Enquirer: 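Before I ask anything, here is the structure I am working with.
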Amino acid sequence: MALTGRTALLAALGSLPVGILAPSWTGMLAVNAPLSLAILCDYALAAPVRTLQFTRSGDTTVRLGDGAEVQLTVTNASRRRLRAHLRDAWPPSSWLTGTEQAASRHRLDIPAGERRRLITRLRPTRRGDRRAERITVRSYGPLGLAARQGSHQVPWTVRVLPPFTSRKHLPSRLARLRELDGRTSVLTRGEGTEFDSLRAYVPGDDTRSIDWRATARQSAVAVRTWRPERDRHILIVLDTGRTSAGRVGDVPRLDAAMDATLLLTALATRAGDRVDLLAYDRRIRAQVQGRAAGEVLSAMVTAMAPLEPELVETDARGLSAAALAGAPRRSLIVLLTGLDAAPIEEGLLPVLPRLTQRHTVLVAAVADPHIEQMAEARGTVDAVYEAAAAAQAKAQRQRTAEQLQRHGVVVVDATPDHLAPALADAYLALKGAGRL
């Protein structure tokens with residue numbers, strides 16, 4: 001039995017002297033028979049908690065930063081009216097700081113045999129799966145002097161998906177893709193591109209594209225147009241080892257890599273290419289393979305949502321073997337990892353020839369914008385030391401990038417806000433040059 005604040009007040013007013021002699025509520029209520037009887041009656045008339053029935057419905061997925069609603073239906077199967085307070089408990093990261101109490105607590109007043117629907121509004125602050133923990137109900141008697149309390153487990157999971165903030169860059173990159181694809185007047189040609197059609201020559205066209213045989217058959221000069229090859233294979237590899245756990249700005253490096261992955265996937269599928277995903281550190285953490293163009297983006301979002309960085313050193317040999325197994329034919333392998341010297345020199349460089357021998361390799365890394373700010377600092381002794389440290393860090397990253405480039409690797413090194421568009425631009429450049 002749970003005694004309410006109202007009970008404490010009545011007990012204090014009705015038996016103050018007894019409260020001095022008997023400090024426990026049991027002794028106080030034993031000598032105050034009318035109050036004891038009222039409390040027992042109130043407790044007996046409170047609706048039982050264990051007979052309550054619960055069902056859930058509502059959202060099962062939500063993008064990070066958006067809100068989700070989970071409905072909870074409470075059925076009062078007893079013969080007594082339910083007057084209760086209910087707490088629908090979820091992990092702390094299911095709400096913004098300071099909003100949990102208002103969002104998770106509800107008042108109930110349900111007549112016997114009826115049901116009510118409650119809405120718990122979530123606004124998660126982290127990716128991954130958010131699981132409902134337990135429902136705690138405190139059922140009061142009609143006088144509010146005593147209450148029954150109990151808990152129920154009603155499972156429900158809301159998967160918090162990556163936010164895809166780089167979606168805003170997609171229209172401009174699609175416009176450039178249409179230019180490459182020969183749908184506008186700007187046409188390019190590179191090795192490996194496919195012949196598309198003939199059109200009339202206009203001043204400024206590359207004379208090497210003139211089709212002399214077609215020109216001889218007509219009165220106007222004809223030029224060939226080209227479009228990038230389609231149905232190329234792209235394997236995106238996410239390094240989920242310890243370097244991906246470092247926070248740059250407000251987010252971990254892994255989250256910035258995921259955002260770049262989503263933009264590249266959306267762009268490449270529009271270009272007619274096939275995109276797969278591999279997340280690896282010492283074992284495969286997530287994999288998306290062989291999905292149709294209309295399904296691959298949603299499949300990747302779902303697969304990446306529960307990923308968290310693992311605080312272990314990435315096994316470069318295992319990563320290379322997994323990548324080669326996932327790309328049996330010539331492909332573009334996009335590796336999103338760090339540019340720290342030690343992991344690259346000791347891990348990636350020894351296995352890189354196995355990848356570059358058969359595939360085009362692109363390494364994308366998240367740079368820290370704070371390093372740029374430090375490099376520009378002046379005015380105090382501390383600022384000068386910080387600028388020197390930043391210059392040294394930038395020089396080291398540049399040397400690491402040059403080592404990769406000497407092996408034929410394309411390197412993209414950009415801050416979190418610019419990584420996704422920079423990676424998309426590198427993909428378009430490779431496609432325009434016919435290297436896919």
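Because the structure is a prediction, the values reported are computed rather than measured. Computed from heavy atoms alone, side chains included, the values below leave out hydrogens, waters and symmetry copies.
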Enquirer: Ignoring hydrogens and angles, state whether a donor on the side chain of T415 or H418 is under 3.5 Å from an acceptor on the partner side chain.
Expert: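 Result is yes, a qualifying pair exists.
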Enquirer: Where the side chain of H169 meets the backbone of A424, is there a donor-acceptor pair that is under 3.5 Å apart?
Expert: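 The answer is no, because no donor-acceptor pair under 3.5 Å joins these two groups.
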Enquirer: Go through the side-chain N and O atoms of Q392 and Q396 and say whether any donor and acceptor fall under 3.5 Å apart.
Expert: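 No.
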Enquirer: Keeping to residues at least two apart or across chains, list the salt bridge (Lys or Arg N to Asp or Glu O under 4.0 Å) pairs with something in residues 239-249.
Expert: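 Qualifying pairs: R242-E313.
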Enquirer: Where the side chain of R127 meets the backbone of M304, is there a donor-acceptor pair that is under 3.5 Å apart?
Expert: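 Pair found, side chain donor or acceptor close to backbone of M304.
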Enquirer: Whether the T360 and R330 side chains hold a donor-acceptor pair (N or O, under 3.5 Å, no angle test) is what I'd like checked.
Expert: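 There is such a pair (donor and acceptor under 3.5 Å, judged by atom type) between the side chains of T360 and R330.
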Enquirer: Would T157 and D129 count as a side chain to side chain donor-acceptor pair (under 3.5 Å) if you check the C-alpha gap in whole Å, the side-chain angles of each, and the deciding distance to 0.1 Å?
Expert: CA-CA 6 Å; T157 301; D129 291 338; over 6 Å; no
Enquirer: Quick one: are L263 and F164 in side-chain contact, heavy atoms under 4.5 Å?
Expert: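 A side-chain contact under 4.5 Å exists here.
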Enquirer: Kindly say whether P162 contributes a backbone atom to a donor-acceptor pair with the side chain of R63 at under 3.5 angstrom?
Expert: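 Yes, R63 side chain to P162 backbone: donor-acceptor pair under 3.5 Å.
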Enquirer: Show the nearest heavy-atom pair for residues L122 and P124, with the distance to one decimal.
Expert: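 Smallest heavy-atom distance, with atoms named: C-CD, 3.8 Å.
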Enquirer: For the OG atom of S57 and the CZ atom of R117, what is their distance to the nearest 0.5 Å?
Expert: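 Going from OG on S57 over to CZ on R117, the span is 5.0 Å.
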Enquirer: Under a 3.5 Å distance rule, please check whether D259 uses its side chain to pair with a backbone N or O of S166 as donor and acceptor.
Expert: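 Yes: the side chain of D259 pairs with the backbone of S166.
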Enquirer: Just by distance, do the side chain of R148 and the backbone of Y43 share a donor-acceptor pair under 3.5 Å?
Expert: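 A pair under 3.5 Å: yes.
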Enquirer: Kindly say whether S104 contributes a backbone atom to a donor-acceptor pair with the side chain of T120 at under 3.5 angstrom?
Expert: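 No, because the side chain of T120 does not come within donor-acceptor range (under 3.5 Å) of the backbone of S104.
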Enquirer: Test side chain to side chain contact (heavy atoms under 4.5 Å, CB included) on L336 and M258; report intermediate values, then the result.
Expert: CA-CA 9 Å; L336 290 123; M258 288 181 181; over 6 Å; no
Enquirer: Show, in sequence, the C-alpha distance, side-chain angles and deciding distance for R291 and Q289, and conclude whether the side chain to side chain contact (heavy atoms under 4.5 Å, CB included) test is met.
Expert: CA-CA 6 Å; R291 296 299 183 98; Q289 219 170 14; over 6 Å; no
Enquirer: Salt bridge or not between D315 and R282? Use side-chain N to carboxylate O under 4.0 Å.
Expert: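 No.
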Enquirer: Using every non-hydrogen atom in the two residues, find where G67 and V62 come nearest and quote the distance to one decimal.
Expert: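 Shortest heavy-atom contact: O-CG2, 3.6 Å.
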Enquirer: Quick one: do the D281 and T314 side chains pair a donor with an acceptor below 3.5 Å?
Expert: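 Looking only at side-chain atoms, T314 and D281 do not form any donor-acceptor pair under 3.5 Å.
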Enquirer: Is there side-chain contact between S139 and R83, with heavy atoms separated by less than 4.5 Å?
Expert: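 In short, these two side chains do not touch, never coming nearer than 4.5 Å.
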Enquirer: In Å and rounded to the nearest 0.5 Å, what is the CZ to OG1 distance from R274 to T269?
Expert: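 Reported to 0.5 Å precision, the distance equals 13.0 Å.
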Enquirer: Tell me the closest heavy-atom pair linking A305 and L161, and the distance in Å.
Expert: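 The pair with the smallest heavy-atom distance is CB-CD2, 3.8 Å.
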Enquirer: Which value, rounded to the nearest 0.5 Å, describes the distance between R399 atom CZ and L339 atom CG?
Expert: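 One gets 12.5 Å once the value is rounded to the nearest 0.5 Å.
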Enquirer: When rounded to the nearest 0.5 angstrom, what distance separates CD1 in I236 from CG in L278?
Expert: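 Answer rounded to 0.5 Å: 11.0 Å.
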Enquirer: Does D88 come within less than 4.0 Å of R134, counting only side-chain N to carboxylate O?
Expert: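 Looking at R134 together with D88, the answer is no, because their closest N to O distance does not fall below 4.0 Å.
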Enquirer: Under the side chain to side chain contact (heavy atoms under 4.5 Å, CB included) test against T265, which residue among L297, I234, V288, V301 passes?
Expert: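 So, applying the side chain to side chain contact (heavy atoms under 4.5 Å, CB included) to T265 and each of L297, I234, V288, V301, only L297 qualifies.
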Enquirer: Say you draw a straight line from CE of M300 to CG of L262; how long is it, rounded to the nearest 0.5 Å?
Expert: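 Rounded to the nearest 0.5 Å, the CE-CG separation comes out at 8.0 Å.
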Enquirer: Please state whether the rings of H85 and Y140 are parallel, tilted or perpendicular, taking 30° and 60° as the class boundaries.
Expert: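 It falls in the perpendicular class, over 60°.
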Enquirer: Mind checking whether L86 and T136 have side chains closer than 4.5 Å, heavy atoms only?
Expert: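 Result no, sub-4.5 Å side-chain heavy-atom pair not found.
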Enquirer: Return yes when atom CD of Q287 has more than 12 non-hydrogen atoms of other residues, nucleotides or ligands closer than 6.0 Å, and no otherwise.
Expert: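 Correct, the count exceeds 12.
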Enquirer: Pairs in or reaching into residues 105-115: which pass salt bridge (Lys or Arg N to Asp or Glu O under 4.0 Å), with residues at least two apart or in two chains?
Expert: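 Every pair satisfying salt bridge (Lys or Arg N to Asp or Glu O under 4.0 Å) with a residue in residues 105-115: R81-D109, E114-R116.
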Enquirer: For S298, is there any backbone N or O sitting under 3.5 Å from a side-chain donor or acceptor partner on T302?
Expert: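 Between the backbone of S298 and the side chain of T302 there is a qualifying donor-acceptor contact (under 3.5 Å).
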Enquirer: Can you list the steps and then say if D273 with Y427 is a side chain to side chain contact (heavy atoms under 4.5 Å, CB included)?
Expert: CA-CA 11 Å; D273 293 333; Y427 163 76; 2.5 Å; yes
Enquirer: Decide yes or no for P91 and R131: does some side-chain heavy atom of the first lie under 4.5 Å from some side-chain heavy atom of the second?
Expert: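 SC-SC contact between P91 and R131 ruled out.
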Enquirer: What is the minimum heavy-atom distance between L355 and A323, and which atoms define it?
Expert: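 Smallest heavy-atom distance, with atoms named: CD2-CB, 4.3 Å.
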Enquirer: For the side chain of S78 and the backbone of R80, is there at least one donor-acceptor N/O pair under 3.5 Å apart?
Expert: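 Yes: the side chain of S78 pairs with the backbone of R80.
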Enquirer: If you compare all heavy atoms of R270 against all heavy atoms of L174, which two are closest, and at what distance to 0.1 Å?
Expert: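 Closest approach of R270 to L174, heavy atoms only: NH1-CD1, 3.0 Å.
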Enquirer: Validate the cation-pi geometry between R285 and Y280: distance from NZ or CZ to the six-membered ring centre under 6.0 Å, angle to the ring axis within 45°.
Expert: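 R285 over Y280 ring: no.
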Enquirer: In the structure I gave you, are the side-chain heavy atoms of R123 and W95 within less than 4.5 Å of one another anywhere?
Expert: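 Not touching, per the 4.5 Å side-chain cut-off.
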Enquirer: Under the criterion side chain to side chain contact (heavy atoms under 4.5 Å, CB included), which of L352, L362, L238, L319 is the partner of L335?
Expert: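 Of all the options given, the one that passes is L319.
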Enquirer: Can you check whether I344 reaches L349 side chain to side chain, under 4.5 Å on heavy atoms?
Expert: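 A side-chain contact under 4.5 Å exists here.
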Enquirer: Are N76 and P111 packed together at the side-chain level, in the sense that at least one heavy-atom pair is separated by less than 4.5 angstrom?
Expert: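 Counting from C-beta outward, N76 and P111 never come under 4.5 Å.
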Enquirer: Quick check on R126: does its CZ atom have over 12 non-hydrogen neighbours (other residues, nucleotides or ligands) under 6.0 Å away?
Expert: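 Not more than 12 within 6.0 Å, no.
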Enquirer: Please determine, by modelled atom types, if S93 and R130 share a side-chain donor-acceptor pair under 3.5 angstrom.
Expert: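 Result is yes, a qualifying pair exists.
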Enquirer: State whether the side chain of D59 and the backbone N or O of T61 hold a donor-acceptor pair below 3.5 Å, judged by distance alone.
Expert: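 Not confirmed, D59 side chain does not pair with T61 backbone.
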Enquirer: Would a 4.5 Å heavy-atom cut-off, applied to side chains only, mark T380 and V384 as touching?
Expert: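 T380 does not reach V384 side chain to side chain.
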Enquirer: Taking all heavy atoms of A390 and all of A375, pick out the closest pair and write down the distance.
Expert: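 Shortest heavy-atom contact: CB-N, 3.5 Å.
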Enquirer: Just do the side chain to side chain donor-acceptor pair (under 3.5 Å) check on D340 and T243 with the steps written out, would you?
Expert: CA-CA 8 Å; D340 298 335; T243 57; 5.4 Å; no
Enquirer: Within the distance-only criterion (no hydrogens, no angle test), does the side chain of R56 pair as donor or acceptor with the backbone N or O of V154 below 3.5 angstrom?
Expert: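 Confirmed, R56 side chain pairs with V154 backbone.
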Enquirer: Do you see a donor-acceptor pair shorter than 3.5 Å between the side chains of H233 and D276?
Expert: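 Yes - a donor-acceptor pair under 3.5 Å links their side chains.
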Enquirer: Show the numbers, then the answer: is there a side chain to side chain donor-acceptor pair (under 3.5 Å) between R138 and Q149?
Expert: CA-CA 4 Å; R138 178 171 289 183; Q149 181 168 308; 2.7 Å; yes
Enquirer: What is the distance from atom NE2 of H359 to atom CG of L332, rounded to the nearest 0.5 Å?
Expert: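 It is 10.5 Å, given to the nearest 0.5 Å.
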Enquirer: Begin with the C-alpha distance, continue with both residues' side-chain angles, and end with the deciding distance and a verdict on side chain to side chain contact (heavy atoms under 4.5 Å, CB included) for R87 and H106.
Expert: CA-CA 6 Å; R87 180 175 182 262; H106 307 272; over 6 Å; no
